[in-house]
Amino acid sequence: GPVICVVGARPNFMKMAPILRAMAAHVPALPVLLVHTGQHYDKDMSERLFEDLRLPTPDVNLEVGSGTHAVQTAEVMRRFEPVVDTYQPSCVAVVGDVNSTLACALVAVKKNVPVVHIEAGLRSYDRAMPEEINRILTDQIADRLYTTERTAQDNLAREGIASHQVCFAGNVMIDSVVFGRANARSVSHTLQACHVDPGVIRHPLGMGLVTLHRPSNVDHPDSLRALLGVLGEVATSLPLVFVLHPRTRGNIERFGLMDLIDPARMVLLPPQGYLEMLGLMAEATLVLTDSGGLQEETTALGVPCLTLRENTERPITVEQGTNTLVGSNREAILGAVKDILAGKGKRGRLPELWDGHAAQRIAADMYPWLKQRQADMAS
Ligand code: UD1
């Protein structure tokens, strides 16, 4: 049967695109079926990224949509099971740490179908984060685990996962940065497309890019109000472009916090395509974010990143890259911004195997691994 490749939510798309290309180029004998769970379904959250990343139209769309964690996870499982029954895949490949990742891995393993997890072993050691639960559980049931940084090997070893199952392949996220970089859309183009006058962000120090969507930052009125207040202070020295996740926009409106945003200093944009985001990051003086992906992309692009979280599952971006953890502490955020604007931002270097060829290494490893695994199962 084919290899079923699963995507569900926005951060999955840039990880799976290079995998599909590498499999087609290096192991064309291996048929592939692309399944979209439909966890993200808006044009801005899904379709635009498919176009930018040149992802093929999914062979199957489960159209699960939004819901509570239990409902969403259960619905993906219920709808994915008959797909596995119909196609009898040789393995199921999942990426990242979203609810769709765990749900599909769980369906596969219970049917004795081997699971491949790409971006395995990352740990924030914060179990209040829904993604941490998805990461731990997916890794426990995966047969082959591909990692992006060496700390992941230690995390997996600590959880009892045999080292022969783990392969350090590098970061597929950076494959997409390399792929898209030359076609990144300029900030002025992006603003004009959103009917915003680029003059708003013209400033001698440039502009800052903001994204926020973690439940711990945006789901409670007090935390969100405090963070928007600090961003307002940052905006007095550096104009900001704030790309709003639907969850964040919804909460700002629901909690009545729109007044905290001064449109003369902070531009609000709807979710952007991949090439727009690359352009925004590349042209930014600094990035303020709670995203996992942006921590890695800014390290690859050499742009200073302030992560509005207490911890990170991607420590290499702090140790070697441009990332600094500032939490939600006002003084820490303002101090770090001041340093960067004074030219004292972290320079960083490119981590090992973040070279644009991670997917190639994964494809080259996967075929012999699968053959061996089939031989083992037959004997
Ligand atoms: C999910 C991932 C998170 C990832 C993020 C990137 C999990 C547990 N979380 O969080 O790791 O960083 O995606 O975006 O899987 N919504 C829309 N349109 C859409 C999709 C969602 O409006 O196309 C809104 C809905 O109101 C929905 C809310 O966003 O209830 C949250 O969506 P959901 O998929 O549950 O989680 P994210 O917060 O996007």
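When a ligand or atom number is given, it counts from 1 through the structure's own listing order. Every heavy atom of this structure was used, including side-chain atoms; hydrogens, water molecules and symmetry mates were not. Nothing fancy with the numbering, it's 1 onward along the sequence.
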Within the 4.0 Å heavy-atom shell around [X], which atoms of ligand 1 are there?
| X | value |
| --- | --- |
| Pro11 | 4 (C), 6 (C) |
| His245 | 14 (O), 29 (O), 37 (P), 38 (O), 39 (O) |
| His69 | 8 (C) |
| Gln72 | 34 (O), 35 (O) |
| Ser66 | 21 (C), 25 (C), 27 (C), 30 (O) |
| Met45 | 14 (O), 19 (C), 23 (O) |
| Arg214 | 11 (O), 12 (O) |

Counting N and O atoms only, with roles assigned by atom type, does the side chain of Asp42 sit under 3.5 Å from a partner on the main chain of Met45, one being a donor and the other an acceptor? no
Side chain, backbone, both or neither: which part of Arg135 has a heavy atom under 4.0 Å from ligand 1? neither
Using a 4.0 Å heavy-atom cut-off, say whether Glu131 meets ligand 1 through its side chain, its backbone, both or neither. side chain
Pair [X] + [Y]: basic N to acidic O under 4.0 Å:
| X | Y | answer |
| --- | --- | --- |
| Arg185 | Glu283 | no |
| Arg225 | Asp222 | yes |
| Arg135 | Asp97 | yes |
| Glu81 | Lys111 | yes |
| Arg78 | Glu75 | yes |
| Asp175 | Arg361 | no |
| Arg127 | Glu131 | no |
| Arg214 | Asp219 | no |

Please check whether Asn134 reaches ligand 1 - meaning an N/O of the residue sits under 3.5 Å from an N/O of the ligand, judged on distance alone. no
Distance from [atom] to nearest protein heavy atom, with residue and atom:
| atom | result |
| --- | --- |
| atom 24 (C) of ligand 1 | Pro246 CB, 3.9 Å |
| atom 18 (N) of ligand 1 | Asp42 OD2, 2.9 Å |
| atom 34 (O) of ligand 1 | Gln39 NE2, 3.1 Å |
| atom 16 (N) of ligand 1 | Tyr41 OH, 3.6 Å |
| atom 31 (C) of ligand 1 | Arg247 NH2, 4.0 Å |
| atom 20 (C) of ligand 1 | His40 CD2, 3.3 Å |

Among Val76, Thr37, Asn99, Val98, the residue with a heavy atom nearest to atom 8 (C) of ligand 1 is Asn99
Measuring from atom 4 (C) of ligand 1, which candidate in Arg10, Glu47, His213 has the nearest non-hydrogen atom? His213
With a 4.5 Å limit on heavy-atom distance, are the side chains of Gln272 and Arg48 in contact? yes
With a 4.5 Å limit on heavy-atom distance, are the side chains of Ser328 and Arg309 in contact? no
I'd like to know whether ligand 1 has Gly250 as a neighbour, heavy-atom separation below 4.0 Å. no
Would you call the rings of His245 and His40 parallel, tilted or perpendicular, taking 30° and 60° as the class edges? perpendicular
Is atom 26 (O) of ligand 1 less than 4.0 angstrom from at least one protein heavy atom? no
